[in-house]
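Quick note: residue numbers are just sequence positions, from 1.
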Amino acid sequence: MLVRDVMVAPVITVGPSATVQEVAKLFLEKQISAVPVLDNKGKLVGIVSERDLLTTFNVEHGRVRDALARSVRDVMSTPVVSAAPITDIRR
């Protein structure tokens, strides 16, 4: 089995200036749990996962503060581990 056999297309991406709130909404709407981050030239610069979002939340008195306005560049994980579509899934 190859990577292309399990990957989803088209890939939903965001830019580094997207907000945490926009990404959280995208996760809910598209029922996804991670999204690649591309710069303005289309280069992969990071990835944002549900875990990345959850670790950024600043909860005070039971309410989330500040985190929703933060940008993706502040919370994304880098470097990104990636594979070509023809890579064996066991790799």
J.: If hydrophobic clusters are built by linking Ile, Leu, Val, Met, Phe, Trp and Tyr wherever their side-chain heavy atoms come under 4.5 Å apart, do Val3 and Ile12 end up in the same one?
T.: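 No, Val3 does not connect to Ile12 through the hydrophobic network.
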
J.: Tell me the closest heavy-atom pair linking Val6 and Met1, and the distance in Å.
T.: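 Answer, listing the atom of Val6 first, then Met1: CG1-SD, 3.7 Å.
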
J.: Could you tell me the separation between the OG1 atom of Thr87 and the CE atom of Met7, rounded to the nearest 0.5 Å?
T.: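 It comes to 10.5 Å.
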
J.: Of all residues at least two apart in sequence or in a different chain, which pass the side-chain hydrogen bond (donor to acceptor under 3.5 Å, both in side chains) check with Asp88?
T.: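 For Asp88, the residues satisfying side-chain hydrogen bond (donor to acceptor under 3.5 Å, both in side chains) (neighbours in sequence not counted) are Arg90.
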
J.: Going from CD on Glu22 to OG on Ser17, what distance comes out if it is rounded to the nearest 0.5 angstrom?
T.: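 Glu22 CD to Ser17 OG: 8.0 Å, rounded to 0.5 Å.
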
J.: Looking only at heavy atoms, what is the nearest atom pair of Ile86 and Leu2, with distance?
T.: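 Shortest heavy-atom contact: O-CD2, 3.5 Å.
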
J.: Has Glu29 got a side-chain atom pairing as donor or acceptor with Leu26's backbone, closer than 3.5 angstrom?
T.: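 Judged by distance alone, no pair lies under 3.5 Å.
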
J.: Nearest 0.5 Å please: distance from the OG1 atom of Thr19 over to the CZ atom of Arg73.
T.: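 Interatomic distance, Thr19 OG1 to Arg73 CZ, rounded to 0.5 Å: 11.5 Å.
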
J.: Determine the sole option in Leu38, Val37, Thr78, Asp39 for which the side-chain contact (heavy atoms from CB on, under 4.5 Å) test with Leu44 is passed.
T.: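 That would be Leu38.
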
J.: Side chains of Val35 and Val23, heavy atoms from C-beta outward: is any pair under 4.5 Å?
T.: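 They are in side-chain contact.
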
J.: Look up atom CD1 in Ile47 and atom OG in Ser77, then write down how far apart they are to the nearest 0.5 Å.
T.: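 Taking CD1 in Ile47 and OG in Ser77, the distance rounds to 7.5 Å.
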
J.: For a quick test of reading the model, state the closest non-hydrogen atom pair linking Leu53 to Phe27 and the distance between them.
T.: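 What the structure gives for the nearest pair is CD1-CE1, 3.7 Å.
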
J.: Could you pull out the closest heavy-atom pair between Glu50 and Ile32, with the gap in Å?
T.: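 Closest approach of Glu50 to Ile32: OE2-O, 4.0 Å.
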
J.: How close do Pro36 and Val11 get, counting heavy atoms only, and between which atoms?
T.: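 Minimum heavy-atom separation between Pro36 and Val11: CG-CG1, 3.8 Å.
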
